[in-house]
Amino acid sequence: MTNNQDLFSPIQLGDYTLPNRIVMAPMTRNRAGEGNAPTLLNATYYAQRATAGLIVTEGSQVSPQALGYPATPGIHSQAQITGWEEVTRAVHSAGGKIFLQLWHTGRISHPSLQADGALPVAPSAIAPAGKAMTYTGDQPFVTPRPLDLDEIPSVIDQFRQGAKNALEAGFDGVEIHGAFGYLIDQFLQDGTNQRSDRYGGSIENRARFLLEVTEAVCSVWGSARVGVKLSPSNTFNDIHDSDPKSTFSYAIAALKNLNLGYLHLMEPTPADIRHGGKPIPVAEFRPLYPGVLIANGGYDKQKGNVAIANGIADLISFGALFLANPDLPKRFQLDAPLNQGDRNTYYGGDEKGYTDYPFLPS
Ligand SMILES: Cc1cc2nc3c(=O)[nH]c(=O)nc-3n(C[C@H](O)[C@H](O)[C@H](O)COP(=O)(O)O)c2cc1C
């Protein structure tokens, strides 16, 4: 069944009427300032992209323990809240809407990024394959410290506090980062969760952390201004599950009952398939989720329009294309040529490859 909607049809997302369905996907750019606080350069970058129907910021760590990479912004100190206030003010002045992505990296961190050289935390003591990005270059991942049962509520509180801080910083909503092998995903998938308490074992138990975090964040924002991002087919960060279809079907059905603003779901990517992931297209999950669904991963204008017209997704988020094209909606509208992104400047650096991608002449 097709409808007559496309990327340019306005849509209601919770209380907000978005002018288009073109979402800027969350993208870590490792350009936060001192104390992991956002800067005026970050504000310029986001304001340049304010014609998106919705901007989702880069992952923002909810606590010092949640940090996993150099120079990523946080949402746990006053300086960070103040920095984000500049960002939200700039985006709102440019007419945009912006949600903050709440992030805890769990085992995808390194003692050199943690207070007092502590071990990163995770559901279970399983080291990821690969290397952590640190201030002194890439270093092998370490075996994380499994969280004690009685400290899990305090980690959920980190998300609750991050959500409160995001409210104070003037965001329009928040997205919970449940994707890409970070802490929430580490609880969800059985390749990283071998707990035998109420947070491990059965799918219901493994999904408990995701659902408790989501409920905590909704208690701050109201569910209509909360989104959750999941990546059922992803293999990045050495994440895997013995039965992702069942695991994610359960999680998605449970999230449906929370009446969120949206669910943000990733398509399988060529890299996931290369690394042995079980590719499950977003279309397979759609019947489980009648609410607002954002699809992501490898979309362009044409594929996005088809997915919306077929009802597979309600909105589409664009990562690499938005990074390189600050005026992406206008370019789509005019079928104008697209700038190509420079991968050498994706992670870290200054305005080069960040705020200097050209706009179409007006
Ligand atoms: C430079 C870069 C940084 C990213 N950082 C994040 C992030 O912080 N949080 C997140 O959920 N996804 C992150 N992603 C993934 C994107 O949100 C998106 O899922 C991915 O780029 C696929 O969409 P695309 O094919 O439109 O680029 C990042 C992607 C890129 C290119």
Side-chain angles (χ1 to χ4, degrees), residues 23-52 55-62 64 66-96 98-103 105 108-110 112-113 131-139 165-166 169-171 177 180 236 317-331 337-362:
V23 177
M24 177 178 168
M27 281 179 287
T28 291
R29 304 302 310 276
N30 307 82
R31 284 166 167 86
E34 206 175 322
N36 298 80
T39 65
L40 290 177
L41 180 66
N42 305 144
T44 301
Y45 163 76
Y46 283 113
Q48 285 179 336
R49 288 155 179 78
T51 55
I55 293 172
V56 184
T57 70
E58 61 209 282
S60 190
Q61 56 271 1
V62 292
L67 175 74
Y69 298 87
T72 55
I75 186 68
H76 54 85
S77 75
Q78 189 53 53
Q80 293 162 1
I81 296 170
T82 305
W84 279 122
E85 270 169 357
E86 296 291 346
V87 174
T88 59
R89 195 174 301 130
V91 169
H92 290 152
S93 303
I98 181 164
F99 278 35
L100 179 83
Q101 192 182 51
L102 298 169
W103 194 22
T105 59
I108 305 301
S109 183
H110 188 268
S112 66
L113 296 166
K131 291 188 172 171
M133 196 194 282
T134 77
Y135 282 102
T136 53
D138 291 352
Q139 298 196 51
N165 294 345
F171 284 96
H177 195 342
F180 281 133
F236 177 58
S317 73
F318 299 89
L321 291 183
F322 238 125
L323 184 152
N325 294 276
D327 50 357
L328 188 65
K330 184 173 174 188
R331 287 174 190 258
L338 298 174
N339 302 323
Q340 293 304 307
D342 171 13
R343 286 171 183 273
N344 296 323
T345 51
Y346 271 14
Y347 303 105
D350 51 20
E351 59 276 1
K352 187 167 175 299
Y354 191 54
T355 49
D356 64 352
Y357 284 107
F359 287 76
L360 284 176
S362 46

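Among residues two or more places apart in sequence or in another chain, the ring-ring contact (aromatic ring centres under 6.0 Å, His included) test is passed with F322 by none. For Y347, the ring-ring contact (aromatic ring centres under 6.0 Å, His included) test picks out no residue, with sequence neighbours left out. Under the rule for a ring-ring contact (aromatic ring centres under 6.0 Å, His included), Y46 has no partner lying at least two apart in sequence or in another chain.
S317 contributes atom OG, which lies 8.5 Å from atom CE of M27 (distance to the nearest 0.5 angstrom). Note that the CG atom of L102 and the CZ atom of F171 stand 9.0 Å from one another [nearest 0.5 Å]. The distance from atom CD of Q101 to atom CD1 of I55, rounded to the nearest 0.5 Å, is 13.5 Å.
Checked by atom type and distance alone, the side chain of Y69 never pairs as donor or acceptor with a backbone atom of L113 at under 3.5 Å. Using a distance-only test at 3.5 Å, with no hydrogens or angles considered, no donor-acceptor pair links the side chain of T28 to the main chain of E58. Remark: side-chain polar atoms of R49 are paired, donor with acceptor, to backbone N or O of L323 under 3.5 angstrom. Side chain of N339 to backbone of N325: no donor-acceptor contact under 3.5 angstrom is found. Q80 contributes a side-chain N or O that, together with a main-chain N or O of G35, makes up a donor-acceptor pair within less than 3.5 Å. Under the 3.5 Å distance criterion, the side-chain polar atoms of T105 are matched with a main-chain donor or acceptor of A66. At distances below 3.5 Å, not a single donor-acceptor pair connects side-chain atoms of N30 with backbone N or O atoms of A71. When atom types are taken as modelled, the side chain of D327 and the backbone of L360 share a donor-acceptor pair closer than 3.5 angstrom. Distance alone, capped at 3.5 Å, is enough to place a donor-acceptor pair between the T88 side chain and the A169 backbone. A donor-acceptor pair is defined here as one N or O able to donate and one able to accept, closer than 3.5 Å; such a pair exists between the side chain of R29 and the backbone of Y346.
The environment of K131 atom NZ is sparse: at most 12 non-hydrogen atoms of other residues, nucleotides or ligands sit within 6.0 angstrom. Within a 6.0 Å sphere centred on CD of Q340, other residues, nucleotides and ligands contribute 12 heavy atoms or fewer.
The shortest distance between side-chain heavy atoms of K352 and D342 falls below 4.5 Å. Proximity of P73 to W84: side-chain heavy atoms (C-beta onward) are separated by under 4.5 Å at one or more points. Side-chain contact between I98 and M24 is absent, with no heavy-atom pair separated by less than 4.5 Å. Between V62 and N165, every side-chain heavy-atom pair lies at or beyond the 4.5 Å cut-off. Taking 4.5 Å as the limit, every side-chain heavy atom of V56 sits out of range of all side-chain heavy atoms of H177. Under the 4.5 Å side-chain criterion, counting only non-hydrogen atoms from C-beta, D356 is not in contact with E351.
Using modelled atom types and a 3.5 Å distance limit, the side chains of T72 and Q61 yield a donor-acceptor pair.
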*Could you go through the side-chain hydrogen bond (donor to acceptor under 3.5 Å, both in side chains) check for Y354 and N42 one step at a time?*
CA-CA 9 Å; Y354 191 54; N42 305 144; 2.9 Å; yes
*For the pair F359 and Q48, evaluate side-chain contact (heavy atoms from CB on, under 4.5 Å) and give the outcome as yes or no after the intermediate values.*
CA-CA 9 Å; F359 287 76; Q48 285 179 336; 3.7 Å; yes
